[in-house]
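Shown below is the structure under consideration.
All figures in this text were calculated on a predicted structure; none of them were measured in a lab.
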Amino acid sequence: MTRNDSHDRLRVCGTSSELALKQTYMVRDALQKAHPYLNFQIIDMKTKGDKILDVALSKIGSKSLFTKELEVALEENKVDIVVHSLKDLPTTLPEGMVIGAVCEREDPRDAVIMHPKYKTQTLGSLIEGSVIGTSSVRRAAQLKRRYPHLKFESVRGNLNTRFKKLDEGTTYSALILATAGVVRMGWEDRISTYYRARMNFYAIWDADFAVQRKHGSAEQTLNHAPYVVTSS
């Protein structure tokens with residue numbers, strides 16, 4: 001990485017949820033260690049996916065729900081790099097942009113978070129018709145086959161919001177979430193069950209987050225994967 005032309009400053013951008021900011025700061029800290037002469041500025045912003053919280057993700061029907069605004073800022077040189085959960089990135093990147101680094105992967109398994117009043121139970125022991133919250137069509141489809149007595153409904157919002165809906169509400173008996181996010185938030189003690197890959201296939205990029213940049217703008221200081229993805 002060469003020195004930044006603007007007073008040795010690197011502007012690191014991520015979305016504004018607490019989990020996304022934790023990931024953004026993880027990237028900042030690793031880069032700071034590797035390049036101590038640089039000054040870092042954290043910039044956060046809301047995306048379309050952050051703003052539309054009353055519709056299931058599968059029904060919004062739009063690509064780049066959690067990435068477009070960040071990529072626009074990158075294209076307009078308002079930021080230098082952006083941090084994404086890799087599963088949120090479309091399969092085709094904007095022209096001239098690359099995944100500059102794939103950071104070290106967290107546990108990719110799915111996890112069950114029970115409502116406090118059901119903390120001694122499992123999904124299998126819940127009464128018929130109990131509602132399980134998840135924003136993932138993949139998770140719901142797999143678990144419906146294993147637990148046909150349960151109802152699976154969409155739950156939106158960042159992790160803080162979802163935990164609040166579970167703990168303070170009466171709708172959900174449990175949530176199905178990505179283990180990685182729960183662990184990064186420091187709430188691993190709330191996980192009652194982990195689903196192994198052979199029981200619940202996780203998405204290919206679950207638990208990964210990546211640094212996106214313009215082509216040729218930086219080296220792969222953080223890379224934990226043997227490739228770089230570019231636009232065609």
Side-chain angles (χ1 to χ4, degrees), residues 1 9-35 38-51 53 57 64-74 78-91 93-94 97-111 113 135-136 156-164 175-191 202-214 217-225 227-229:
M1 179 181 291
R9 181 185 64 174
L10 193 75
R11 297 163 299 176
V12 185
C13 182
T15 59
S16 57
S17 74
E18 185 177 351
L19 174 58
L21 283 173
K22 282 181 179 290
Q23 295 175 167
T24 303
Y25 277 101
M26 288 170 68
V27 169
R28 189 278 310 272
D29 292 346
L31 285 171
Q32 183 77 78
K33 183 177 181 179
H35 304 283
L38 284 176
N39 294 312
F40 292 86
Q41 178 185 2
I42 300 293
I43 298 172
D44 64 90
M45 58 181 63
K46 288 187 178 293
T47 64
K48 183 177 181 180
D50 296 313
K51 296 174 183 177
L53 298 176
L57 290 175
S64 307
L65 282 175
F66 295 98
T67 62
K68 184 175 182 179
E69 288 82 356
L70 279 65
E71 290 177 332
V72 169
L74 184 60
K78 294 179 180 178
V79 301
D80 298 303
I81 60 174
V82 296
V83 181
H84 301 289
S85 289
L86 195 50
K87 63 181 177 57
D88 293 334
L89 277 173
T91 54
L93 299 179
M97 293 187 185
V98 300
I99 296 175
V102 177
C103 301
E104 188 171 10
R105 194 179 204 184
E106 184 54 81
D107 187 339
R109 293 176 297 176
D110 295 333
I113 313 296
S135 63
S136 169
R156 291 293 318 283
N158 58 42
L159 279 185
N160 307 66
T161 300
R162 295 186 203 189
F163 269 80
K164 185 174 182 179
L175 301 178
I176 311 298
L177 300 170
T179 295
V182 178
V183 170
R184 287 175 183 146
M185 290 293 287
W187 300 336
E188 190 172 4
D189 62 320
R190 288 295 306 272
I191 297 175
Y202 45 79
I204 187 170
W205 290 123
D206 265 359
D208 279 315
F209 62 101
V211 177
Q212 187 179 23
R213 59 178 174 82
K214 286 188 174 181
S217 62
E219 68 181 26
Q220 301 164 60
T221 302
L222 307 178
N223 222 0
H224 276 259
Y227 49 76
V228 175
V229 180

Checklist entry - What pairs meet the salt bridge (Lys or Arg N to Asp or Glu O under 4.0 Å) rule with one or both residues in residues 177-190, with sequence neighbours excluded? => result D167-R190

Checklist outcome for this item: Value for CE (M97) from CG (L74), rounded to nearest 0.5 Å, stands at 4.0 Å

Checklist entry - Would you say the side chain of Q212 lies within less than 4.5 Å of the side chain of P94, judging by non-hydrogen atoms? => result yes

Checklist entry - Can you tell me how far CD of Q23 sits from CG of L86, rounded to the nearest 0.5 angstrom? => result 10.5 Å

Item to check | Closest non-hydrogen atom pair, S16 against K46 | outcome: OG-CG, 3.3 Å

Item to check | Backbone of R109 reached by a side-chain donor or acceptor of T179 within 3.5 Å | outcome: yes

Next on the checklist: Is the shortest side-chain heavy-atom distance between N158 and L19 below 4.5 Å?
Outcome noted: no

Checklist entry - Would you say the side-chain atoms of R9 pair up with the backbone N or O of N39, donor to acceptor, closer than 3.5 Å? => result no

Checklist entry - Got a second to check how far L21's CG is from I42's CD1, nearest 0.5 Å? => result 8.0 Å

Item to check | Stepwise side chain to side chain contact (heavy atoms under 4.5 Å, CB included) check, L31 with L38 | outcome: CA-CA 9 Å; L31 285 171; L38 284 176; over 6 Å; no

Checklist entry - Going from CD on Q41 to CG on D80, what distance comes out if it is rounded to the nearest 0.5 angstrom? => result 9.0 Å

Checklist entry - What do the steps show when you test L177 against F163 for side chain to side chain contact (heavy atoms under 4.5 Å, CB included), and what is the final call? => result CA-CA 10 Å; L177 300 170; F163 269 80; 3.7 Å; yes

Checklist entry - If you round to the nearest 0.5 Å, how far is CG of D208 from CD of E104? => result 10.0 Å

Next on the checklist: By the definition side chain to side chain contact (heavy atoms under 4.5 Å, CB included), identify the one residue from V211, I43, T24 that meets it with V12.
Outcome noted: T24

Next on the checklist: Between V183 and D107, is the side chain to side chain contact (heavy atoms under 4.5 Å, CB included) condition met? List the steps.
Outcome noted: CA-CA 8 Å; V183 170; D107 187 339; 5.5 Å; no

Checklist entry - Considering residues at least two apart in sequence or located in another chain, which fulfil the side-chain contact (heavy atoms from CB on, under 4.5 Å) criterion with S136? => result T134, R138, R139

Next on the checklist: Nearest 0.5 Å, please: how far is CG in L159 from CH2 in W187?
Outcome noted: 6.0 Å

Next on the checklist: Test of understanding: with side-chain contact (heavy atoms from CB on, under 4.5 Å), list the residues that count as partners of A20, not counting sequence neighbours.
Outcome noted: T15, S17

Checklist entry - Given side chains that start at C-beta, do those of R213 and V98 come closer than 4.5 Å, heavy atoms only? => result yes

Next on the checklist: Could you tell me if the side chain of F40 sits less than 4.5 Å from the side chain of V27, heavy atoms only?
Outcome noted: no

Checklist entry - Where the side chain of D44 meets the backbone of G14, is there a donor-acceptor pair that is under 3.5 Å apart? => result no

Checklist outcome for this item: Residues passing the side-chain contact (heavy atoms from CB on, under 4.5 Å) test with K22, sequence neighbours excluded, are E18, M185

Checklist entry - Is there a side chain to side chain contact (heavy atoms under 4.5 Å, CB included) between V79 and L70 once you walk through the steps? => result CA-CA 8 Å; V79 301; L70 279 65; over 6 Å; no

Checklist entry - With distance as the sole test, does R156 use its side chain to make a donor-acceptor pair with the main-chain N or O of S135 at under 3.5 Å? => result no

